[in-house]
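Please read all numbers here as calculations on a predicted model, not as lab measurements.
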Amino acid sequence: MATSANTPTTLLLKNPSIFKTPTPTPGFHAFPITRATVKPLSIKCSSSATAVAPPTPASAQDRVFNFAAGPATLPENVLRKAESELVNWRGAGMSVMEMSHRGKEFLSIVQKAESDLRKLLDISDDYAVLFLQGGATTQFAGIPLNICKPEDPVDYIVTGSWGDKAFKEATKYCKPKVIWSGKSEKYTAIPAFDGLDQNPHARYLHICANETIHGVEFKDYPTPKNKDAILVADMSSNFCSKPVDVSKFGIIYAGAQKNVGPSGVTIVIIRKDLIGNAQGITPVMLDYKIHAENNSLYNTPPCYGIYMCGLVFEDLLDQGGLVEVEKKNVIKAQVLYDAIDESKGFYRCPVGKSVRSLMNVPFTLEKSELEGEFVKEAAKESMIQLKGHRSVGGMRASIYNAMPLAGVEKLVAFMKDFQAKHG
């Protein structure tokens, strides 16, 4: 293609006068335009560059006790291992973050993560294990879309905010009914199972096994009245905190960011015979059949998050499995609940003792005006994220698997000292 000889550059060279100082508009007081004196820029090259000091590795003493509900604290030894493999994963010459999700390196990572999770929970071959995205909240829609027809009735036991949100989302895709709600009791209880008014034709019975916000945890699980129905559980905040008989459930789902990894990974454990019946409107990314057939690799998964989950699974197995993990969690929770109950009312946990969570411990102060100071003073002592959820207020200490007993003991010592000052 021919081009004109008069390019913008040649026009400028031939007609330098085209750039004239504009005549100011009458009444407009513009800044005067003058030719600036341009000083030559002197650039000097040094023969020796100034070395940038590498960052000082963080020590255990630099880390806070993080009582956040999620994303939450992770085992320090897991973080150290991830740190050592960050730039060059086991001689691969690249980080996990740089790997193709279809390459042999990442395939070995995701396959081992699944294998170790199956060992931890004794998951049989009758179940598929899926590593997905979108958080547990996405599964509020994914579950009814995959196992219900629009006219199917389903039952929900609502013991807190997350169970309520799951129910509300399901109303778009099936015919759910709340057969019990703890709202009138401010979500501090769990019902007796034998008194539940279950629909004998319900496709499934849904529970939230541990309510993160309100600190209510199922210690046992209900059985659906319909023999062909399944039990579905959101286990986001107590996943892998204790042994669970997976065979009692049709579906278990959980966001990883509380007990087993960073945010970004959602784990679904589903009985294989339930797969393949999705409603026609189901988006491809919510279709369990698509993900099961592609071994969680239909599209690019949260690779690094899965890798971190795998390291956590290894660590839980090294601790002796979930039986041993539960023992530690029981001890930690007992230490904290005893401090609350023995404070003579200065601190109070509103949850019924028989259903108190081992993971999320909500409590209030007798003098609510001291709550802000409690949070502030605790932070000065390297204990953070103790403020309760915005919807309920008060305090909340999330003491997941990775929270060491030392962290709970430090919190209890602080609570006693705070009471001595303000009681």
Asks: Given side-chain contact (heavy atoms from CB on, under 4.5 Å), test Phe313 with Leu120 step by step and report yes or no.
Replies: CA-CA 8 Å; Phe313 297 154; Leu120 280 169; 3.8 Å; yes

Asks: Give the minimum heavy-atom separation between Leu132 and Gln139, together with the two atoms involved.
Replies: CD1-NE2, 4.0 Å

Asks: side-chain hydrogen bond (donor to acceptor under 3.5 Å, both in side chains), that's the test. Do Ser357 and Asn210 meet it? Break it down for me.
Replies: CA-CA 7 Å; Ser357 170; Asn210 185 84; 2.7 Å; yes

Asks: Under the criterion side-chain hydrogen bond (donor to acceptor under 3.5 Å, both in side chains), I'd like the reasoning laid out for Asn277 against Asn146: C-alpha separation, chi angles, the key distance, then a yes or no.
Replies: CA-CA 6 Å; Asn277 301 300; Asn146 275 271; over 6 Å; no

Asks: Measure the acute angle between the ring planes of Phe193 and Phe218, then classify it against the limits of 30° and 60° as parallel, tilted or perpendicular.
Replies: parallel

Asks: Does any N or O in the side chain of Tyr337 come within less than 3.5 Å of the main-chain N or O of Arg356, such that one atom is a donor and the other an acceptor?
Replies: no

Asks: Would you confirm whether the ring centroid of Tyr221 sits within less than 6.0 angstrom of the ring centroid of Phe249?
Replies: yes

Asks: Give a yes or no on this: more than 12 heavy atoms of other residues, nucleotides or ligands lie within 6.0 Å of atom CZ of Arg390.
Replies: no

Asks: Under 4.0 Å between a side-chain nitrogen and a carboxylate oxygen: does that hold for Lys219 and Glu217?
Replies: yes

Asks: Quick one, Tyr400 with Phe239, criterion side-chain contact (heavy atoms from CB on, under 4.5 Å). Give me CA distance, side-chain angles, the key distance, then yes/no.
Replies: CA-CA 10 Å; Tyr400 299 121; Phe239 189 66; over 6 Å; no

Asks: Step through it carefully: locate the ring centre of Phe374, locate the ring centre of Phe414, and say whether they are under 6.0 Å apart.
Replies: yes

Asks: To the nearest 0.5 Å, what is the distance between CD on Gln419 and CD on Glu342?
Replies: 11.0 Å

Asks: Which atom pair, heavy atoms only, marks the closest approach of Ile123 to Leu117?
Replies: CD1-O, 3.9 Å

Asks: How about His206 and Tyr156: are their ring centroids closer than 6.0 Å?
Replies: yes

Asks: Charged N to carboxylate O under 4.0 angstrom, Glu314 versus Lys112?
Replies: yes

Asks: In terms of heavy-atom contacts, does CH2 of Trp162 have more than 12 from other residues, nucleotides or ligands at under 6.0 Å?
Replies: no

Asks: Salt-bridged, Glu324 to Lys327, with N to O below 4.0 Å?
Replies: yes

Asks: Would you name the heavy atoms of Cys303 and Val96 that are closest together and state the gap between them?
Replies: O-CG1, 4.2 Å

Asks: Would Tyr307 and Glu85 count as a side-chain hydrogen bond (donor to acceptor under 3.5 Å, both in side chains) here? Give the steps.
Replies: CA-CA 11 Å; Tyr307 158 73; Glu85 297 181 334; 2.5 Å; yes

Asks: Looking at Asp197 and Lys225, does any basic side-chain N land under 4.0 Å from a carboxylate oxygen?
Replies: no

Asks: Might you point out which heavy atoms bring Arg203 and Ile147 nearest each other, and give the distance in Å?
Replies: NE-O, 3.0 Å

Asks: To the nearest 0.5 Å, what is the distance between CD on Glu371 and NZ on Lys376?
Replies: 15.5 Å

Asks: Closer than 4.0 angstrom, basic N to acidic O: yes or no for Arg118 and Glu114?
Replies: yes

Asks: If you take all heavy atoms of Pro222 and Leu231, which pair is closest and at what distance?
Replies: O-CD2, 3.4 Å

Asks: May I ask you to check whether over 12 heavy atoms, not counting those of Lys416, lie within 6.0 Å of atom NZ?
Replies: no

Asks: Could you check whether any side-chain N or O of Lys332 sits under 3.5 Å from a backbone N or O of Met403, counting only pairs where one atom can act as donor and the other as acceptor?
Replies: yes

Asks: I'd like to check Phe418 versus Leu370 (side-chain heavy atoms, cut-off strictly below 4.5 Å). Are they in contact?
Replies: yes

Asks: Sub-3.5 Å donor-acceptor pair from the side chain of Asp152 to the main-chain atoms of Cys148, do we have one?
Replies: no

Asks: Whether Asp287 and Lys289 form a salt bridge (side-chain N of Lys/Arg under 4.0 Å from carboxylate O of Asp/Glu) is what I want to check.
Replies: no

Asks: Are Asn299 and Met285 close enough that some pair of their side-chain heavy atoms sits under 4.5 Å apart?
Replies: yes

Asks: What distance do Tyr127 atom OH and Ile275 atom CD1 have between them, rounded to the nearest 0.5 Å?
Replies: 11.5 Å

Asks: Hey, is Glu151 close enough to Lys175 for a salt bridge, meaning N to O under 4.0 Å?
Replies: no

Asks: Report the distance from atom NE2 of His101 to atom CG of Leu297, rounding to the nearest 0.5 Å.
Replies: 6.0 Å

Asks: Can you tell me how far CG of Leu121 sits from SG of Cys240, rounded to the nearest 0.5 angstrom?
Replies: 4.5 Å

Asks: Heavy atoms only: give me the nearest Gly163-Cys208 pair and the separation to one decimal.
Replies: N-CB, 4.3 Å

